[in-house]
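Excluded from the calculations below are hydrogen atoms, water molecules and symmetry mates; all remaining heavy atoms, backbone and side chain alike, are included.
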Amino acid sequence: MSAHPTPKVFGLGLARTGTTSLHHAMSVLGLRSAPSSAVLVDGLDDHFLASHDAFFDNPIPFLRDELAERFPDARFIVTWRPEEAWLRSMAWLFGPGLDRLSPDMRALGDRVHRHVYGIDTFDADVLLEVHRRHYAELRTWSRDRSHVLWLDTDEGLTWGPLCELLDRPVPDVPFPRLNAAAPRRFRWPRQLRRR
């Protein structure tokens with residue numbers, strides 16, 4: 001393990017791109033990962049940020065500029081999924097994924113979704129626009145930055161690149177894979193169907 005403490009770690013991938021798996025991976029690596037970052041919907045909270053080492057939950061991906069300014073030595077992990085797979089997973093999230101929550105947690109989830117996506121019900125058109133804009137902005141934002149790791153969730157998350165970014169030894173356990181929804185058929189909206 002590095003002699004110096006690991007800088008803050010921020011996940012910039014959208015929900016349903018392996019963020020829960022990364023949250024659990026941080027614990028394996030000995031980092032204190034925040035189970036939820038919903039408190040940051042109302043602005044950056046110094047106490048909350050000081051209480052954890054890693055953050056992967058909304059609204060973190062939409063706070064990249066403020067976080068990079070406040071933590072110039074931070075590490076950023078961008079998890080990504082192709083549009084169709086991501087929309088299919090988001091359809092699950094906005095349906096059975098949220099329906100399983102308690103009323104209080106559901107209300108909080110809806111509030112966070114309204115804040116980051118502008119909606120609290122599944123809308124493929126809106127979400128697709130968010131996905132395209134978010135990752136286009138991230139490509140530009142990360143171009144001249146060091147300490148940004150891009151991971152394609154559908155290709156599988158592994159320890160090697162993550163441990164290299166964080167200067168941690170590779171654990172002798174499988175990479176956690178959690179919160180995966182059962183695959184289901186997704187039908188593209190008519191105006192978005194590939195020709």
Side-chain angles (χ1 to χ4, degrees), residues 5-27 29 31-81 83 86-87 89-90 93-94 97-98 101 104-123 126-153 157 161-162 165-166 178-179:
T6 299
K8 297 290 186 189
V9 181
F10 298 107
L12 301 184
L14 295 176
R16 307 304 301 165
T17 63
T19 55
T20 300
S21 296
L22 281 172
H23 163 68
H24 287 278
M26 293 299 109
S27 296
L29 295 175
L31 301 176
R32 299 168 300 160
S33 185
S36 170
S37 297
V39 66
L40 300 180
V41 165
D42 296 320
L44 296 186
D45 178 309
D46 290 331
H47 176 72
F48 177 78
L49 291 167
S51 300
H52 302 88
D53 304 312
F55 309 82
F56 295 96
D57 194 30
N58 278 328
I60 291 294
F62 301 92
L63 299 174
R64 64 180 179 264
D65 293 325
E66 298 95 320
L67 294 169
E69 183 177 337
R70 186 170 294 196
F71 302 100
D73 62 343
R75 303 312 192 245
F76 294 94
I77 302 169
V78 180
T79 48
W80 177 88
R81 293 181 81 179
E83 293 172 354
W86 183 71
L87 284 174
S89 192
M90 290 298 284
L93 175 64
F94 277 96
L98 289 176
L101 300 177
D104 288 349
M105 289 302 294
R106 173 63 188 256
L108 178 59
D110 287 345
R111 180 170 176 243
V112 170
H113 289 152
R114 285 191 300 272
H115 179 78
V116 299
Y117 303 122
I119 56 174
D120 59 16
T121 58
F122 181 77
D123 184 317
V126 171
L127 291 171
L128 186 60
E129 174 57 29
V130 169
H131 185 281
R132 289 175 175 168
R133 183 178 61 246
H134 182 70
Y135 288 105
E137 290 174 358
L138 278 176
R139 279 190 287 280
T140 300
W141 182 85
S142 66
R143 190 172 295 137
D144 298 321
R145 292 179 184 270
S146 57
H147 304 115
V148 178
L149 174 65
W150 281 74
L151 298 171
D152 183 333
T153 303
L157 301 177
L162 183 63
L165 175 74
L166 303 181
L178 295 108
N179 209 17

>> Parallel, tilted or perpendicular, judged at 30° and 60°: which one describes the rings of Tyr117 and Phe62?
In response: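 Ring orientation of Tyr117 relative to Phe62: perpendicular.
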> According to the interplanar angle, ranging from 0 to 90°, do the rings of Phe48 and His52 count as parallel (below 30°), tilted (30 to 60°) or perpendicular (above 60°)?
Replying inline: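 Plane angle between 30° and 60°, so tilted.
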Any non-hydrogen side-chain atom of [X] less than 4.5 Å from a side-chain atom of [Y]?
X: Leu166; Y: Met26; answer: yes
X: Leu138; Y: Phe76; answer: no
X: Trp80; Y: Leu12; answer: no

Find the distance between [atom1] ([X]) and [atom2] ([Y]) and round it off to the nearest 0.5 Å.
X: His147; Y: Leu165; atom1: NE2; atom2: CG; value: 7.0 Å
X: Met90; Y: Leu127; atom1: CE; atom2: CG; value: 5.0 Å
X: Asp46; Y: Ser51; atom1: CG; atom2: OG; value: 10.5 Å
X: Glu83; Y: His131; atom1: CD; atom2: NE2; value: 6.0 Å
X: Phe122; Y: Leu93; atom1: CZ; atom2: CG; value: 10.0 Å
X: Thr140; Y: Glu137; atom1: OG1; atom2: CD; value: 8.0 Å

Under 3.5 Å: donor-acceptor pair, side chain of [X], backbone of [Y]:
X: Asp45; Y: Leu40; answer: no
X: Thr19; Y: Ala15; answer: no
X: Arg132; Y: Val130; answer: no
X: Lys8; Y: Leu49; answer: yes
X: Thr79; Y: Thr17; answer: yes
X: His113; Y: Gly109; answer: yes

Minimum heavy-atom distance between [X] and [Y], given as atom pair plus value:
X: Pro7; Y: Arg75; value: CG-NH1, 3.4 Å
X: Pro61; Y: Arg64; value: O-NH1, 3.9 Å
X: His23; Y: Ala34; value: ND1-O, 3.5 Å
X: Gly97; Y: Leu101; value: O-CG, 3.9 Å
X: Asp57; Y: Ser37; value: OD2-N, 3.3 Å
X: Gly11; Y: Ile60; value: O-CG2, 3.2 Å

> Going through the checks in order, is the side-chain contact (heavy atoms from CB on, under 4.5 Å) test met by Leu22 and Val9?
Replying inline: CA-CA 11 Å; Leu22 281 172; Val9 181; over 6 Å; no
>> Looking at Glu129 and Arg133, is any side-chain nitrogen of the basic one under 4.0 Å from a carboxylate oxygen of the acidic one?
In response: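 Yes.
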> Do Trp86 and Tyr135 have their ring centres less than 6.0 Å from each other?
Replying inline: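 No; Tyr135 has its ring centre 6.0 Å or more from that of Trp86.
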> Partners of Val41 by side chain to side chain contact (heavy atoms under 4.5 Å, CB included), sequence neighbours excluded?
Replying inline: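 In terms of side chain to side chain contact (heavy atoms under 4.5 Å, CB included), with neighbours along the sequence ignored, Val41 is linked to Pro59, Arg111, Val112, His115.
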> Would the number of heavy atoms belonging to other residues, nucleotides or ligands and lying under 6.0 Å from CG of Asp65 be above 12?
Replying inline: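 More than 12 within 6.0 Å, yes.
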